[in-house]
Peer 1: 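My questions all concern the structure below.
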Amino acid sequence: SGVCHSVPVSEIISVREEEEENGSRQRDDGSWKKIREREGKDCRQAFTVLYVERCRQHRWRCAEVTFTCSDEAFLLLLLLLFVSTASRPKHLLVYINPYGGKRQGKRIYEQKVAPLFTQAGISTSVIVTEYANHARDHLKMEAELKKFDGVVCVGGDGMFSEIIHGLIWRTQIDCGVDPNSPEEALSPCSLRIGIIPAGSTDCICFASVGTNDPVTSALHIIVGDSQPLDVCSVHHNNMFLRYSVSLLGYGFYGDVLSDSERKRWMGPARYDFSGLKMFLTHHYYEGTVSYLPAKGIIGTPRDATRCRSGQICLFSFVFHPESSGEWRTIRGKFLAINAASMSCACPRSPKGLSPAAHLADGTTDLILVRKCSRFNFLRHLLRHTSKDDQFDLTFIEVHRVRRFRFMPRHCQSDSDLELDLHENSKRQIFSQICKDHPACGCAPAYSSWNCDGEILTHTGIDVRVHGQLIKLFARGIEELPVFEDLSNPCAI
Ligand SMILES: CCCCCCCCCCCCC/C=C/[C@@H](O)[C@H](CO)NC(=O)CCCCCCCCCCCCCCC
Ligand SMILES: Nc1ncnc2c1ncn2[C@@H]1O[C@H](COP(=O)(O)OP(=O)(O)OP(=O)(O)O)[C@@H](O)[C@H]1O
Ligand SMILES: [Ca+2]
């Protein structure tokens with residue numbers, strides 16, 4: 001009817017030929033042979049295009065529009081599609097955690113994601129996990145990775161952590177790199193990972209896509225997006241412990257996690273319950289943090305700029321030199337020590353723990369919250385949910401780093417201990433008594449590390465950022481056009 005509609009070829013999900021004008025109901029599959037058969041006939045081609053439509057808050061939906069054109073133009077479109085979709089996945093290995101978040105992983109995948117994959121002509125091999133670490137071990141030892149163009153993780157941050165542990169490990173073994181050594185340069189993983197959010201925090205999905213919406217994630221996988229991601233390796237005395245891509249948190253977030261693990265039955269609300277409890281408990285921990293500041297990078301953790309799709313993050317990593325600068329050391333009493341390798345934006349805090357952190361710049365933002373009053377800590381926490389700067393407080397300091405170490409006070413070297421031997425021995429006896437009498441209410445000596453939602457077994461750690469070690473089926477958060485129509489009533 002002469003209405004004009006344009007769709008970028010890169011955002012087409014599928015093309016369906018419509019029935020021919022003579023009424024025959026035979027459906028074409030768009031193959032070259034069928035099209036050649038019609039050559040010479042003077043008929044116009046009607047076809048329906050399924051494409052990506054942008055909705056509010058970075059959500060994507062599937063929309064469709066029907067075009068008509070000459071056979072030659074249609075042929076040209078198919079050719080264009082063929083060329084521009086070379087980076088799209090055709091075979092995917094899917095892992096579903098049926099127990100993540102509100103236990104909806106299987107339903108979300110079957111109802112919202114699988115039909116889209118079928119429509120886009122993607123074939124899948126689906127594994128519903130039967131126990132914790134099933135996906136990790138399958139990837140490490142069994143999975144025939146050559147058969148696939150990507151891995152899909154249906155679950156939360158913990159499930160994603162399983163997937164990267166399996167994939168990074170497997171890649172190092174295949175490339176002859178020792179994954180245990182803290183000094184080795186790790187080999188990047190070639191398979192991309194897609195995250196279908198079905199967990200409790202889903203911050204890796206939220207911070208790399210802009211929303212935690214299964215359909216949006218499925219569409220980013222279908223169009224073959226690619227977003228590199230930094231990975232931290234965590235070691236204790238040269239022994240490998242874990243990888244982290246979002247939050248490594250000691251003190252407050254470590255305690256929230258330890259407390260919340262016992263309340264898994266509560267679902268995602270366990271974090272709010274334990275968060276309130278740990279806020280009231282108000283423990284602080286003593287220790288030494290040393291770090292290697294990042295040099296030659298674009299930006300600081302206090303910037304107003306944000307990590308956005310196709311912007312500075314990608315080339316800032318490529319152009320800055322590996323810094324061999326001076327280590328700096330800070331000793332003190334901390335309510336929290338957090339390292340955020342990405343913003344850690346999530347529905348609880350849409351700007352995240354470190355709003356200016358980058359997904360792929362080869363650095364992590366080290367946030368130190370020194371001992372302060374409950375009132376001041378609350379001010380800091382509240383600012384995670386407002387426009388105010390959560391770092392603009394006297395008891396907070398933040399550094400962009402490439403590497404850092406933490407040593408809790410009671411693990412410090414002998415010479416350090418000799419300095420305050422007397423006080424220290426009193427404390428050790430005291431903390432022993434407190435373990436026996438947990439009701440006495442005095443502060444414990446140690447917290448634990450929250451490593452992407454998993455508890456670490458050691459408190460003294462050495463952390464190193466491996467820039468762009470893995471890739472996601474994502475493109476980073478897209479800058480919203482200023483003219484965005486916020487009243488767009490996109491069905492959700
Ligand atoms: C007063 C409101 C303050 C709201 C402050 C919100 C800050 C939230 C920042 C969230 C950062 C999440 C980082 C992501 C970590 C993930 O790798 C990990 C695995 O999924 N998730 C958690 O550890 C889950 C961590 C969840 C932590 C929730 C903390 C909730 C704090 C509540 C404090 C209440 C004080 C109220 C006083 C009246
Ligand atoms: N079949 C299974 N049975 C029990 N646990 C599993 C199974 N599959 C995976 N897991 C484990 O479940 C844990 C939690 O999973 P997941 O991260 O998906 O959800 P969550 O913890 O609710 O969300 P988030 O990590 O976003 O806070 C992970 O540590 C994972 O190892
Ligand atoms: Ca980073």
Side-chain angles (χ1 to χ4, degrees), residues 95-103 105 127-136 153-163 165 195 197-207 212 228-232 244-249 252-258 260-261 264 267-268 270-280 294 297 299 301 307 313 316-317 338-354 356-365 374-375 377-386 390 400-402 450-455 465-468:
Y95 293 99
I96 303 177
N97 175 3
Y99 301 114
K102 295 181 185 152
R103 303 179 171 227
I127 295 174
V128 179
T129 61
E130 284 160 19
Y131 45 90
N133 292 325
H134 184 176
R136 184 198 67 185
C153 164
V154 185
D157 297 325
M159 187 60 182
F160 180 80
S161 177
E162 277 201 30
I163 303 286
H165 279 81
I195 310 174
S200 303
T201 314
D202 296 321
C203 93
I204 302 155
C205 177
F206 198 99
N212 59 334
L229 202 64
D230 296 334
V231 177
C232 292
S244 159
V245 292
S246 57
L247 164 70
L248 255 170
F252 182 68
Y253 290 101
D255 295 347
V256 169
L257 185 69
S258 309
S260 69
E261 280 298 296
R264 273 212 167 259
R270 69 190 186 277
Y271 288 134
D272 303 304
F273 182 91
S274 299
L276 175 61
K277 183 173 159 190
M278 288 307 143
F279 168 75
L280 295 172
I297 43 146
C307 188
C313 175
S316 85
F317 171 68
N338 303 323
S341 309
M342 57 166 73
S343 70
C344 293
C346 58
R348 271 188 188 80
S349 168
K351 63 177 185 174
L353 279 182
S354 189
H358 288 278
L359 291 165
D361 65 344
T363 74
T364 187
D365 288 349
R374 274 194 188 79
F375 175 73
F377 189 44
L378 182 62
R379 280 171 69 207
H380 168 65
L381 285 177
L382 278 173
R383 288 185 188 188
H384 288 80
T385 61
S386 75
Q390 64 253 44
R400 191 155 281 180
V401 311
R402 200 167 295 294
N450 173 342
C451 177
D452 289 3
E454 303 293 314
I455 295 162
V465 189
H466 301 263
Q468 307 193 355

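Order of listing sets the numbers, starting from 1, for every ligand and every atom in it.
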Peer 1: Relative to the heavy atoms of Gly101, which atoms of ligand 2 are at a distance of less than 4.0 Å?
Peer 2: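 Those atoms are 19 (O), 20 (P), 22 (O).
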Peer 1: Within the structure, does Arg348 bring an N/O atom to less than 3.5 angstrom of an N/O atom in ligand 1?
Peer 2: no
Peer 1: Tell me whether ligand 1 is touched by Cys203 - counting only heavy atoms on the residue side and a distance under 4.0 Å.
Peer 2: yes
Peer 1: Would you say Pro98 has any N or O atom under 3.5 Å from an N or O of ligand 2, going by distance alone?
Peer 2: no
Peer 1: With respect to atom 25 (C) of ligand 1, which of Phe160, Phe252, Tyr271 exhibits the smallest heavy-atom separation?
Peer 2: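 Looking at heavy atoms only, Tyr271 sits closest to atom 25 (C) of ligand 1.
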Peer 1: Could you find the nearest protein heavy atom to atom 22 (O) of ligand 2 and give me its residue, atom name and distance?
Peer 2: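 Looking only at protein heavy atoms, the one closest to atom 22 (O) of ligand 2 is Ser200 OG, 2.5 Å.
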Peer 1: Please say whether Gly156 places an N or O atom under 3.5 Å from an N or O atom belonging to ligand 2.
Peer 2: yes
Peer 1: In terms of residue, atom name and distance, what is the protein heavy atom nearest to atom 6 (C) of ligand 1?
Peer 2: His384 CB, 4.3 Å
Peer 1: For atom 10 (N) of ligand 2, what's the nearest protein heavy atom and its distance?
Peer 2: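 The answer is Asn97 ND2, 3.6 Å.
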Peer 1: Select one of side chain, backbone, both or neither to describe which atoms of Asp202 lie under 4.0 Å from any atom of ligand 1, heavy atoms only.
Peer 2: neither
Peer 1: Does only the side chain of Met159 get under 4.0 Å from ligand 2, or the backbone, or both, or neither? Count heavy atoms.
Peer 2: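 Contact part for Met159 vs ligand 2: both backbone and side chain.
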Peer 1: List for me each residue that meets ring-ring contact (aromatic ring centres under 6.0 Å, His included) alongside Phe206, sequence neighbours excluded, and say none if there are none.
Peer 2: none
Peer 1: Are there more than 12 heavy atoms of other residues, nucleotides or ligands under 6.0 Å from atom OH of Tyr99?
Peer 2: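 It does not: Tyr99 OH has 12 such atoms or fewer within range.
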Peer 1: Should the ring pair Phe252 and Phe377 be called parallel, tilted or perpendicular, given that the plane angle runs from 0 to 90° and is split at 30 and 60?
Peer 2: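 The rings of Phe252 and Phe377 stand perpendicular, inter-plane angle above 60°.
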Peer 1: Give yes if a backbone or side-chain nitrogen or oxygen of Asp157 is under 3.5 Å from a nitrogen or oxygen of ligand 1, and no if not.
Peer 2: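 Min N/O separation from ligand 1 is below 3.5 Å for Asp157.
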Peer 1: Could an N or O of ligand 2 be found under 3.5 Å from any N or O of Gly199, whether backbone or side chain?
Peer 2: no
Peer 1: Taking the minimum heavy-atom distance to atom 36 (C) of ligand 1, which of Leu280, Val245, Leu276, Ile204 ranks first?
Peer 2: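 Of the listed residues, Leu276 has the closest heavy atom.
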Peer 1: Considering both backbone and side-chain atoms of Ser246, is one of its nitrogen or oxygen atoms within less than 3.5 Å of a nitrogen or oxygen in ligand 1?
Peer 2: yes
Peer 1: Is Glu130 touching ligand 2 with its side chain, its backbone, both, or neither, if touching means heavy atoms under 4.0 Å apart?
Peer 2: backbone
Peer 1: Any N or O on Ala198 sitting closer than 3.5 Å to an N or O of ligand 2?
Peer 2: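 No; every N/O pair is 3.5 Å or more apart.
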Peer 1: How far is atom 21 (N) of ligand 1 from its nearest protein heavy atom, and which residue and atom is that?
Peer 2: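 Ranking protein heavy atoms by distance from atom 21 (N) of ligand 1, first comes Thr201 OG1, 3.2 Å.
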Peer 1: Under 3.0 Å from the Ca ion (ligand 3), which protein atoms of type N, O or S occur, listed by chain and number?
Peer 2: Asp230 OD2, Ser341 O, His358 O, Asp361 OD1, Thr363 O
Peer 1: Short list, please: which atoms of ligand 1 are under 4.0 Å from a heavy atom of Gly453?
Peer 2: 17 (O), 18 (C), 19 (C)
Peer 1: Using a strict 4.0 Å cut-off to heavy atoms of Gly155, name the atoms of ligand 2 that fall inside it.
Peer 2: 18 (O)
Peer 1: Among all the protein's non-hydrogen atoms, which is closest to atom 5 (C) of ligand 1, and how far away is it?
Peer 2: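 Result for atom 5 (C) of ligand 1: Leu381 O, 3.6 Å.
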Peer 1: Among all the protein's non-hydrogen atoms, which is closest to atom 25 (O) of ligand 2, and how far away is it?
Peer 2: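 That would be Gly158 N, 2.9 Å.
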Peer 1: Short N/O distance, under 3.5 Å, between Tyr99 and ligand 2?
Peer 2: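 Looking only at distances, the answer is no, because the N/O contact criterion of under 3.5 Å is not met.
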Peer 1: Which residue and non-hydrogen atom of the protein lie closest to atom 30 (C) of ligand 2, and at what distance in Å?
Peer 2: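 Atom 30 (C) of ligand 2 sits closest to the protein heavy atom Glu162 OE2, 3.1 Å.
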Peer 1: Is there a heavy atom in Arg270 that sits closer than 4.0 Å to ligand 2?
Peer 2: yes
Peer 1: Report the part of Asn450 (side chain from C-beta onward, or backbone N, CA, C, O) that has a heavy atom under 4.0 Å from ligand 1; answer both or neither where that applies.
Peer 2: side chain
Peer 1: Tell me the protein heavy atom at minimum distance from atom 14 (C) of ligand 2, and give that distance in Å.
Peer 2: Arg264 NH2, 3.5 Å
Peer 1: Taking 4.0 Å as the limit for heavy-atom contacts, which would you say applies to Tyr131 with ligand 2: side chain only, backbone only, both, or neither?
Peer 2: backbone
Peer 1: Give the numbers and elements of all ligand 1 atoms closer than 4.0 Å to a heavy atom of Leu378.
Peer 2: 37 (C)
Peer 1: Under 4.0 Å from any heavy atom of Asp202, which atoms of ligand 2 are there?
Peer 2: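 Answer for ligand 2: 26 (O).
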Peer 1: Between Ser349 and ligand 1, is there a nitrogen or oxygen pair with a distance under 3.5 Å?
Peer 2: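 Not met; the criterion fails.
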Peer 1: What protein heavy atom is closest to atom 8 (N) of ligand 2, reported as residue, atom name and distance in Å?
Peer 2: Thr129 OG1, 2.8 Å
Peer 1: Looking at non-hydrogen atoms alone, which of Leu247, Thr385, Leu353 comes nearest to atom 11 (C) of ligand 1?
Peer 2: Leu353
Peer 1: Show me which atoms of ligand 1 lie under 4.0 Å from any heavy atom of Leu382.
Peer 2: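 Going through ligand 1 atom by atom, the ones under 4.0 Å from Leu382 are 1 (C).
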